[in-house]
Amino acid sequence: MELTMWALRDLAEGAAVLGTGGGGDPYVGRLLVEQQLRAGRTIRIIGVDELPDDALVLPCALMGAPTVFWEKLPGPDGIVTAMRTLEARLGRKAAATMPIECGGFNSMIPLLLGAEAGLPVVDADGMGRAFPELQMETFAVMGVPGSPMSIASDHGDAGIIDAVTNQRMELIARAMTVQMGGSAYICDYPMDAATVRRTAVPGTLTLATRIGATLRQAREHHQDPFEALTEMLADTIYSHGVQLFRGKVADIDRRTVDGFARGRVTLEEMNDPADRMEIVFQNEHLVARRNGQVVAIVPDLICTLNSETGAPVTTEALSFGQRLTVYAISTPQIMRSPEALACFGPAGFGLDEPYVPVEQLGGGRN
């Protein structure tokens, strides 16, 4: 499928929904890709089945705190440098790239690289949403090493990380990212197409495009965007969507620490200020508690959406007084295995609460 300008806009908005508050600002990333399309470059999105088993796929992303991207706009040179650096290390040319995660910005980076390097982009990713740390991948859960990994800055710096574990890769890359100014371009988890088929969450770029189109069409036809989204998700591998809360932002505590945007946001119900929801985030939303009771928890998706339009609001864009709807989406089964939960479930973030699927928590909005 060749990406069009209209499909790109739907994809960017839908990816920001799947990004659960993280993955970077969708608007900035979309503009970078639009520049490529206006310059006459083409972007082709393919299913992994369209590649031979031994084809080299290099996932890519922009690493760092999303708050940094607002002040330090990225460009295409860094991600091309990261890919060429890893190709040189491997002694092979990439046949395709793909997203490491869903997210407004990080779903755009592979499209940018695909346009610049003339590579197809695989319709899949390694998180099925966005997570803040590099080892939090379905690839890693299923035994794929993230190293060798390449990292590059906007200043022309580039290097290779050969870490002994995926957790060590995250720690080293995070430290380098901070020294590169808070953001860096990366390619990691190099693998062949057969391994992608076995370990990736499939169809996430297509799903993001459907989500964006659903929200856009609901606005155009003056329909409830949340009801439309719930109906659309029912026939996907993300089968359960539910409104958890609707209110206004009453308090926000957000800071950039060790390369992450960390904090919490508190919303209060418009007609009952005593009815409150608190969401804790580390780049992405991790747990939502209504009046102290958990109503959704990682790895299920917790999304903050504009109450009128359904447009996603990322953690760096949260501000006092915003009218938001908190909307939860169930993760695919590949992300609910015991091994997956050990990697990116509540314990992986130091949360005390156990994982309970959102559809069992019964936290739908009254």
Side-chain angles (χ1 to χ4, degrees), residues 12 15-16 19 21-33 35-36 58-89 97 99-101 103-113 115-117 127 130-137 146-163 166-189 253-263 281-284 314-318:
D25 179 71
Y27 179 70
V28 175
R30 192 195 82 201
L31 290 182
L32 290 172
V33 180
Q35 285 182 333
Q36 298 287 326
L58 296 184
C60 67
L62 186 64
M63 183 175 184
T67 45
V68 174
F69 307 156
W70 282 52
E71 301 175 3
K72 181 184 175 186
L73 295 178
D77 293 343
I79 193 59
V80 174
T81 298
M83 184 192 72
R84 297 302 183 205
T85 300
L86 188 52
E87 285 181 330
R89 168 64 173 78
T97 186
I100 289 171
E101 65 175 4
F105 201 101
N106 266 337
S107 289
M108 298 293 104
I109 289 293
L111 304 178
L112 185 63
L113 178 57
E116 282 281 325
M127 294 184 182
F131 285 122
E133 299 182 11
L134 297 180
Q135 79 277 11
M136 295 175 174
E137 300 270 357
S147 297
M149 165 191 172
S150 62
I151 186 166
S153 76
D154 278 313
H155 308 292
D157 312 300
I160 291 289
I161 298 171
D162 269 312
N166 292 330
Q167 288 81 3
R168 289 286 300 164
M169 179 184 71
E170 158 65 28
L171 291 171
I172 296 166
R174 189 69 52 180
M176 293 178 71
T177 296
V178 171
Q179 293 303 314
M180 288 178 170
S183 65
Y185 306 88
I186 63 170
C187 286
D188 61 359
Y189 292 95
D253 172 21
R254 179 180 51 222
R255 57 208 180 277
T256 302
V257 180
D258 298 328
F260 298 107
R262 297 179 182 268
F281 57 83
Q282 179 185 336
N283 288 6
E284 290 78 35
T314 55
T315 53
E316 69 269 24
L318 292 167

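Since the model is a prediction, treat every value here as computed from it, not as a measurement.
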Between [atom1] of [X] and [atom2] of [Y], what distance do you get to the nearest 0.5 Å?
| X | Y | atom1 | atom2 | result |
| --- | --- | --- | --- | --- |
| Gln167 | Ile172 | CD | CD1 | 11.5 Å |
| Glu170 | Glu133 | CD | CD | 4.5 Å |
| Asp188 | Gln135 | CG | CD | 11.0 Å |
| Arg84 | Ser150 | CZ | OG | 11.5 Å |
| Leu86 | Thr81 | CG | OG1 | 12.5 Å |
| Phe281 | Leu318 | CZ | CG | 6.0 Å |

Looking at every non-hydrogen atom in both residues, tell me the closest pair between [X] and [Y] and how far apart they are.
| X | Y | result |
| --- | --- | --- |
| Pro110 | Thr97 | O-CG2, 3.6 Å |
| Ala152 | Gly78 | CB-O, 3.6 Å |
| Pro59 | Tyr189 | CD-O, 3.4 Å |
| Met149 | Gly146 | CB-O, 3.9 Å |

With a 4.5 Å cut-off on side-chain heavy atoms, are [Y] and [X] touching?
| X | Y | value |
| --- | --- | --- |
| Arg174 | Met63 | yes |
| Asp162 | Arg89 | yes |
| Glu137 | Asn166 | no |
| Met176 | Asp157 | no |
| Met83 | Leu113 | yes |
| Gln36 | Glu116 | yes |
| Met136 | Glu101 | no |
| Met180 | Tyr185 | no |

Is there a donor-acceptor pair under 3.5 Å between the side chain of [X] and the backbone N or O of [Y]?
| X | Y | value |
| --- | --- | --- |
| Thr177 | Ala184 | no |
| Asn106 | Leu62 | yes |
| Thr315 | Gly22 | no |
| Ser147 | Ala163 | yes |

Taking everything shown except Arg168 itself, do over 12 heavy atoms lie less than 6.0 Å from its CZ?
no
Check Ile79, Ile109, Ile100, Ile161 against Ile186 for a side-chain contact (heavy atoms from CB on, under 4.5 Å) and give me the one that passes.
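The option that passes is Ile100.
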